[in-house]
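Encoded as structure tokens, the structure appears first; notes follow it.
Quick note on labels: first sequence line is chain A, next is B, and so on, each numbered from 1. None of the values given here were measured: they were computed from a predicted structure.
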2 protein chains.
Amino acid sequence: MKEQELKDYLKEKGLRLTHQRENIIKHFCDKNKHYTVEELYEEMKKEMPGIGFATVYRTLQLLVAAGFALERRFKDDVTRFEPLHKNDHHDHMICIECGRIIEFENKKLERLKDGVAKKHNFCILLHKLEFYGYCEKCRNKKIKGKK
Amino acid sequence: MKEQELKDYLKEKGLRLTHQRENIIKHFCDKNKHYTVEELYEEMKKEMPGIGFATVYRTLQLLVAAGFALERRFKDDVTRFEPLHKNDHHDHMICIECGRIIEFENKKLERLKDGVAKKHNFCILLHKLEFYGYCEKCRNKKIKGKK
DNA sequence: ATTTTATTGATATTGATTTTCAATTTCAAT
DNA sequence: ATTGAAATTGAAAATCAATATCAATAAAAT
Ligand SMILES: [Mn+2]
Ligand SMILES: [Mn+2]
Ligand SMILES: [Zn+2]
Ligand SMILES: [Zn+2]
């Protein structure tokens, strides 16, 4: 269970489990969303009216450092955080109309990527692969609109 | 020849060919680099000491709008501009040690990407593919250092 | 309960990008 | 060559997300 793992991490680092952290973690970690700090801050305020933006910001950084979240930055150039569920690597397609983020994973693509890197004697530590365009719904809407 | 194409573009849009634009274009368009505004500004100052940062910035935007340059933004989160030579699409590997940027193109990868998109009924307009890691030189240096 | 030290939240700062605006330059029409 | 309307310039200011600061507060070890 995530809560215990996190407590262990905090203890190990000499950090403290505050109400703010506890609540943020409860709210964030089971979701399957890509939060901006602002978005999570707005949601947290409903549960803890006094909570500060900086606390949400720092807690997300903490979760990344602890390995419970990933930091992402898409084309709109705001940092987003997503809870890390398993050790699943995945990439993203982002709809430029509605903002929907679709996750995907493709082994063949990963293998091909490694091949390209090897060809250039490049040692990949991480990669970024994002598609931008229209999701199914938005594309359908566009087609109808054109008629 | 690029100069004439650009003059045509300016005329068509009711824009003017200033000394600043002329010099920036001469300096920038034949290079094969990924410039930040700051970098190009520093180089331009040597040729036109009075030139302003904003002018370099605006001229790069203009070149993008005219289709003579591409805007890129890698992990270091500064906007870079590269002259567009042909209609070549390419992606990048970036060395996190020395900053070297290696360009590559892989048809098989592109095809695979389109397949993945189709599977999700996603209509790709553009994509971003970047590798981060060590270039050959830096990796070799690292290996030697470890001994 | 006391003490130590991490944490919080309000606010200030940073740094890249973008905008503003008065002065200047371009260029088409005299 | 001169003019004048309109685009452009450069300095400075505004923007905006991300990050740092710091006095007040809260956690947890003793
Ligand atoms: Mn994701
Ligand atoms: Mn390039
Ligand atoms: Zn959509
Ligand atoms: Zn390198």
Side-chain angles (χ1 to χ4, degrees), chain A residues 3-4 6-25 27-28 34-66 69-81, chain B residues 3-4 6-25 27 34-66 69-81 99:
Chain A
E3 194 127 5
Q4 191 50 53
L6 190 81
K7 277 181 187 165
D8 295 347
Y9 176 84
L10 292 175
K11 185 152 281 176
E12 183 199 318
K13 298 278 181 184
L15 304 175
R16 291 170 188 181
L17 182 61
T18 62
H19 294 141
Q20 287 89 336
R21 284 179 180 165
E22 212 168 356
N23 279 315
I24 291 171
I25 287 151
H27 191 98
F28 172 79
H34 302 77
Y35 278 103
T36 65
V37 181
E38 193 60 43
E39 283 165 3
L40 184 55
Y41 172 55
E42 288 306 322
E43 292 187 8
M44 291 316 300
K45 271 202 289 193
K46 290 173 196 160
E47 301 182 20
M48 297 189 90
I51 200 170
F53 177 90
T55 301
V56 176
Y57 167 75
R58 286 179 296 223
T59 303
L60 284 170
Q61 304 262 51
L62 172 69
L63 287 172
V64 171
L70 289 178
E71 198 177 320
R72 306 276 191 186
R73 173 177 264 151
F74 303 127
K75 244 192 175 333
D76 64 353
D77 200 36
V78 258
T79 303
R80 288 166 191 280
F81 296 85
Chain B
E3 196 128 4
Q4 192 50 51
L6 191 80
K7 277 180 186 165
D8 295 346
Y9 176 84
L10 292 176
K11 185 153 282 175
E12 181 201 320
K13 296 279 179 185
L15 304 176
R16 291 167 186 183
L17 182 61
T18 61
H19 295 141
Q20 287 88 338
R21 284 180 180 166
E22 211 169 357
N23 280 315
I24 290 171
I25 287 151
H27 191 99
H34 303 78
Y35 277 104
T36 64
V37 181
E38 193 60 42
E39 282 165 5
L40 184 55
Y41 171 56
E42 289 305 322
E43 292 187 8
M44 291 316 300
K45 272 202 289 193
K46 289 173 196 158
E47 301 181 18
M48 297 189 91
I51 199 170
F53 177 90
T55 300
V56 177
Y57 166 75
R58 285 180 295 221
T59 303
L60 285 169
Q61 304 264 48
L62 173 68
L63 288 172
V64 172
L70 289 177
E71 196 177 322
R72 306 276 192 185
R73 174 176 263 152
F74 303 128
K75 246 196 173 338
D76 64 354
D77 198 36
V78 257
T79 303
R80 288 165 191 278
F81 296 86

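Interface residues of residues 11-18 of chain A facing DNA chain C, ordered by number: Gly14(A), Leu15(A), Arg16(A), Thr18(A); criterion, heavy-atom separation under 4.0 Å. For the contact set between residues 35-48 of chain A and DNA chain C, defined by any heavy atom under 4.0 Å, there are no members.
Within the nucleic acid shown, Gln61(B) comes within 4.0 Å of sugar-phosphate atoms alone, with no base atom in reach, counting heavy atoms only. Within 4.0 Å (heavy atoms only), Arg21(B) reaches sugar-phosphate atoms of the nucleic acid but no base atom.
We find that CD1 of Ile24(B) is positioned 13 Å from P of dT8(D), with the value rounded to whole Å. Atoms CZ (Arg58(A)) and C1' (dT19(D)) sit 10 Å apart, rounded to a whole Å. Between Tyr57(A) atom OH and dA18(D) atom P the separation is 8 Å, expressed in whole Å. The interatomic distance linking Leu60(B) (CG) with dT8(D) (P) rounds to 15 Å, in whole Å. Counting to the nearest Å, the C1' atom of dA7(D) and the NZ atom of Lys7(B) are 18 Å from each other.
Shown here are the salt bridge (Lys or Arg N to Asp or Glu O under 4.0 Å) partners of Arg58(B), two or more places apart in sequence or in another chain: there are none. Residues satisfying the side-chain hydrogen bond (donor to acceptor under 3.5 Å, both in side chains) test with Thr55(B), not counting sequence neighbours, are none. With sequence neighbours left out, the salt bridge (Lys or Arg N to Asp or Glu O under 4.0 Å) criterion links Asp77(B) to Arg73(A), Arg73(B). The side-chain hydrogen bond (donor to acceptor under 3.5 Å, both in side chains) check on Asp8(A) picks up Gln4(A), with sequence neighbours excluded. In this view, Glu47(A) and His27(A) satisfy the side-chain hydrogen bond (donor to acceptor under 3.5 Å, both in side chains) rule, not counting sequence neighbours. With sequence neighbours excluded, no residue satisfies side-chain hydrogen bond (donor to acceptor under 3.5 Å, both in side chains) with Tyr41(B). Partners of Phe74(A) according to the ring-ring contact (aromatic ring centres under 6.0 Å, His included) rule, which considers only residues two or more places apart in sequence or in another chain, are His92(A).
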What pairs of nitrogen or oxygen atoms, one from the protein and one from nucleotides 13-17 of chain D, lie under 3.5 Å apart?
none

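When both distances must be under 3.5 Å, the Watson-Crick or G-U wobble mate of dC22(D) is dG9(C).
The minimum heavy-atom distance between Leu6(B) and Leu63(B), with the atom names listed, is CD1-CD2, 4.0 Å. The minimum heavy-atom distance linking Glu39(A) with Thr36(A) is given by the pair N-OG1, 3.0 Å.
Among residue pairs with one or both ends in residues 9-25 of chain A, none qualify as side chain to side chain donor-acceptor pair (under 3.5 Å); sequence neighbours excluded.
Between Gln20(A) and the phosphate of dA26(D), there is no side-chain N or O to OP1/OP2 separation shorter than 4.0 Å. Contact check, His19(A) against dA27(D): a side-chain N or O comes under 4.0 Å of OP1 or OP2.
Put simply, chain B comes within 4.0 Å of DNA chain C, heavy atom to any atom, from dA16(C) to dA28(C), going 5' to 3'.
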